[in-house]
Protein chains: 2
Amino acid sequence: MAPRNPVNHACPIRDVLDRVGDAWSVLVLSELAKGPCRFNALLRVVNGISQRMLSVTLRTLERDGMVSRRVLPLAPPQVEYALTDLGQSLFASLSALKDWATAHQPSVRAARSSYDARMAQPSAAA
Amino acid sequence: MAPRNPVNHACPIRDVLDRVGDAWSVLVLSELAKGPCRFNALLRVVNGISQRMLSVTLRTLERDGMVSRRVLPLAPPQVEYALTDLGQSLFASLSALKDWATAHQPSVRAARSSYDARMAQPSAAA
DNA sequence: CTGAATCCGGATGGATACTG
DNA sequence: CAGTATCCATCCGGATTCAG
């Protein structure tokens with residue numbers, strides 16, 4: 001997830017984005033933000049995630065201290081995942097970005113349409 | 001950059017992260033935040049980016065309205081890239097995340113070490 | 001100088017099957 | 001239930017080459 005290229009600076013932004021930029025982490029994070037959850041429950045609710053990716057994602061999040069893993073000693077083994085304080089604070093910080101996205105989505109959409117339209121017309125300079 | 005999987009919700013967070021989660025966008029963004037810059041200048045300063053990825057990244061950012069592109073009509077063609085207002089506001093929002101990262105990097109590092117240590121010892125339940 | 005097109009190796013991630 | 005291991009298709013991204 002992290003070592004995309006050898007030039008990873010000590011840049012804190014890249015550090016977070018490597019942790020959060022992938023397709024699933026944020027989804028899992030936001031599910032767990034609603035409350036603790038078990039593996040298969042996450043699998044069902046995260047919509048489209050594969051068993052493998054859920055497993056990988058959870059392990060990474062756990063390793064980074066965002067998620068806690070509690071094994072219930074029961075007949076059918078149960079494992080409960082939950083956000084740690086650290087994970088909750090990260091999720092909170094992400095909301096700033098979410099707010100930006102929500103606020104500016106129209107602008108971005110407009111920019112895109114405009115760009116696509118401009119590119120479609122070879123006769124731009126007239 | 002965006003369509004990692006067909007399940008892209010209309011989730012605004014994923015939307016931003018798809019735009020910003022890749023390895024280079026943020027680097028380019030933060031360079032341009034310092035002021036307008038030309039192609040080859042970016043190429044030199046962004047440390048490790050290839051010509052192709054710079055080109056691709058700039059085009060994406062331009063399409064999304066984050067970056068403006070101005071062609072100077074000169075003998076050796078010059079193209080100047082700069083952040084738009086939209087791009088600057090995004091960059092500003094990213095700083096919240098950067099602050100989080102800076103503040104919690106030690107915690108994350110600690111969590112990782114701890115996790116790695118725990119995993120190294122098969123004898124956990126005693 | 002600024003870029004686009006092509007080629008291609010490596011990483012990413014889904015499907016499946018198997019284990020505890 | 002909660003995962004891991006394997007197999008394999010796809011995509012990303014670097015190097016190179018060509019064009020305006």
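Sequence lines set the chain letters: A, B, ... in the order given, protein chains first and strands last, and positions in each chain run from 1. Here the structure is a predicted model, which means the values were calculated and not measured.
Between B:Leu54 atom CG and C:dG3 atom P there is a gap of 8 Å when expressed in whole angstrom units. Atom-to-atom, CG of B:Leu43 to C1' of C:dG3 comes out at 11 Å; the value is rounded to the nearest Å. Rounded to whole Å, atom P of D:dC11 lies 15 Å from atom CG of B:Asp18. Between the P atom of D:dG3 and the CE atom of B:Met119 lies a distance of 11 Å, rounded to the nearest Å. The interatomic distance linking A:Leu27 (CG) with C:dG13 (C1') rounds to 15 Å, in whole Å. Look at CG on A:Asp22: it is 15 Å from C1' on D:dC11, rounded to the nearest Å. A:Glu80 places its CD atom 12 Å from the P atom of D:dG3, with the value rounded to the nearest Å. Distance A:Leu42 CG to D:dC1 C1': 13 Å, rounded to the nearest Å.
Looking at the side chain of A:Arg59, the nearest of the listed nucleotides C:dG3, D:dG3, D:dT4 is D:dT4. Each of C:dG3, D:dG14, C:dC1 was ranked by its minimum atom distance to the side chain of B:Arg69; first place goes to C:dG3. Residue B:Met53 places its side chain closer to D:dG14 than to any other of D:dC1, D:dG14, D:dG3.
Phosphate contact (OP1/OP2 of C:dG14, side-chain N/O of A:Trp24, threshold under 4.0 Å): present. In this structure, B:Ser55 does not reach the C:dG3 phosphate: none of its side-chain N or O atoms is under 4.0 Å from OP1 or OP2. Phosphate contact (OP1/OP2 of D:dA2, side-chain N/O of A:Arg38, threshold under 4.0 Å): present. For C:dG3, the OP1/OP2 oxygens have a side-chain nitrogen or oxygen of B:Tyr81 closer than 4.0 Å.
Counting only distance, with no hydrogens or angles, the side chain of B:Ser95 and the backbone of B:Lys98 share no donor-acceptor pair below 3.5 Å. Judged purely by atom type and a 3.5 angstrom limit, A:Ser30 uses its side chain to pair as donor or acceptor with the backbone of A:Val26. Side-chain atoms of A:Thr57 come within 3.5 Å of backbone atoms of A:Met53 as a donor-acceptor pair (strictly under, hydrogens ignored).
Contact between B:Val67 and B:Tyr81 at its shortest, heavy atoms only, is CG1-CD2, 3.7 Å. Looking at every heavy atom in both residues, B:Trp100 comes nearest to A:Leu86 through CZ2-O, 3.8 Å.
In this structure, B:Asp15 pairs ionically with B:Arg19, as a charged nitrogen and a carboxylate oxygen lie closer than 4.0 Å.
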Apply side chain to side chain donor-acceptor pair (under 3.5 Å) to residues B:Ser113 and B:Arg109 and explain how you reach the verdict.
CA-CA 6 Å; B:Ser113 306; B:Arg109 219 106 52 124; over 6 Å; no
At under 4.0 Å between heavy atoms, how does the protein contact nucleotides 15-20 of chain D? Give one character per nucleotide, 5' to 3', with B, S or -.
B-B--B
